[in-house]
Asker: 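Structure incoming, see below.
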Number of protein chains: 2
Amino acid sequence: MTYSISEVAKELDLTVYALRYYDKEGLMPFVERTPSGTRLFKDSDIEALKIIQCLKSTGMPIKEIKGFIEWCSEGDSTLQQRYNMFLERKAIVEAQLEELNKTMEIINHKCNYYKTALNAGTEDIHNNKIGNF
Amino acid sequence: MTYSISEVAKELDLTVYALRYYDKEGLMPFVERTPSGTRLFKDSDIEALKIIQCLKSTGMPIKEIKGFIEWCSEGDSTLQQRYNMFLERKAIVEAQLEELNKTMEIINHKCNYYKTALNAGTEDIHNNKIGNF
DNA sequence: GCTTGACCTAGAGTTAACTATAGGGATTAT
DNA sequence: ATAATCCCTATAGTTAACTCTAGGTCAAGC
């Protein structure tokens, strides 16, 4: 079973432009072509793209993802590097989660702040000593 | 107590360039100046910048943050808008947390995948039917 | 056999958020 | 009183990750 670029774009919720851009940047060396040059995506290619999307969502830049893809095609000799990379990513995502939880706390405070102010009809209920908001 | 732009930059872990950029974009209309034009930051200004950083960390673009700052200087008549904005941000951060947790799961899977492969000395231990990685 | 629509490449354009430079003024240390 | 160090504005440059356009190929349907 193979898929066209527009089918893959729809499935992964990104544009055809973006997919071709990823390919140009070396993120998809495994995607095969018809004799006339049209890309043919296999199921395993879509799985690979999901990992790429996962790495992207951790904030990893495309050039670094390319490095990982290269390691993958070099075989078992790069297993250690790849493992280390995922451990690093894990640490980064843990930090992001912590950060996002702090952000959530502040947002929740602000929600309460404005709920109270709205009930009172004025922000003055919070005796902020000439604060900005 | 007032602070110079470089003191604030150090405190908030951003550059002097970035602070001046925020000011130019209308994020800091409340910061006062000396007669000769030098910015003087008050403690309340630093608190405001922390909220701005919080909003930025949720992915809110600077132009939208500017809109919020404008609402703030319009007083109580914009309380409802500001409350709604924080509720929206809360929903967005909740979605981001969910997304990031999914990402973490995938990363954890990959960590285990590579740990096992590394122990076996080869990726072949995972009988991936001609997968990419 | 020709039109339609999906595919292709190369390369230019876009956007956000800085980042840096040039040129100049004010304050502090010696 | 002069050199260093901070501050300022205006404006140009950078970067990543697309996004779009132009010009062309190819397979299917009428």
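In what follows, every chain begins at residue 1, and chains take the letters A, B, ... in the order their sequences are listed.
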Asker: Using whole Å, report how far OH of Tyr21(B) lies from P of dT14(D).
Answerer: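 Rounded to the whole Å, the gap is 17 Å.
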
Asker: Mapping Tyr17(A) and Gly59(A) onto DNA chain D by nearest heavy atom, which one lands closer to the 5' end?
Answerer: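 So the residue in question is Gly59(A).
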
Asker: Please find the pair of heavy atoms, one from Arg39(A) and one from Phe41(A), that lie closest to each other, and give the distance.
Answerer: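 Looks like CB-CE1, 3.8 Å.
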
Asker: On DNA chain C, which is the earliest and which the latest nucleotide, 5' to 3', with an atom closer than 4.0 Å to a heavy atom of chain A?
Answerer: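 Range of nucleotides within reach of chain A: dC7(C) to dG11(C).
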
Asker: Looking only at heavy atoms, what is the nearest atom pair of Ser57(B) and Cys54(B), with distance?
Answerer: OG-O, 2.7 Å

Asker: Counting primed atoms plus P, OP1 and OP2 as sugar-phosphate and everything else as base, spell out the protein contacts along nucleotides 7-12 of chain D at 4.0 Å heavy-atom distance: B, S or - for each nucleotide, 5' to 3'.
Answerer: SBB-B-

Asker: Could you report the tightest heavy-atom contact between Ile107(B) and Phe86(A), atom names first, then the distance?
Answerer: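 Smallest heavy-atom distance, with atoms named: CG2-O, 3.6 Å.
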
Asker: Other than Val93(A), what residues sit in its cluster of Ile, Leu, Val, Met, Phe, Trp and Tyr side chains whose heavy atoms are under 4.5 Å apart, directly or through others?
Answerer: Leu97(A), Leu100(A), Met104(A), Val93(B), Leu97(B), Leu100(B), Met104(B)

Asker: Around atom CD of Gln80(B), are there more than 12 heavy atoms from other residues, nucleotides or ligands closer than 6.0 Å?
Answerer: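 Atom CD in Gln80(B) is crowded, with more than 12 foreign heavy atoms closer than 6.0 Å.
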
Asker: Tyr21(A) pairs by side-chain contact (heavy atoms from CB on, under 4.5 Å) with which of Ile62(A), Val16(A), Leu27(A)?
Answerer: Ile62(A)

Asker: Contact class for Thr15(B) vs. all strands (heavy atom < 4.0 Å): base, sugar-phosphate, or nothing?
Answerer: sugar-phosphate

Asker: Centroid separation under 6.0 Å, is that true for the rings of Tyr113(A) and Phe133(A)?
Answerer: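 No, the ring of Phe133(A) stays outside the 6.0 Å limit from the ring of Tyr113(A), centre to centre.
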
Asker: Ignoring hydrogens and geometry, is there a side-chain-to-backbone donor-acceptor pair from Glu25(A) to Lys66(A) under 3.5 Å?
Answerer: no

Asker: Check the distance between dA17(D)'s C1' and Ile52(A)'s CD1 and give it to me in whole angstrom.
Answerer: 14 Å

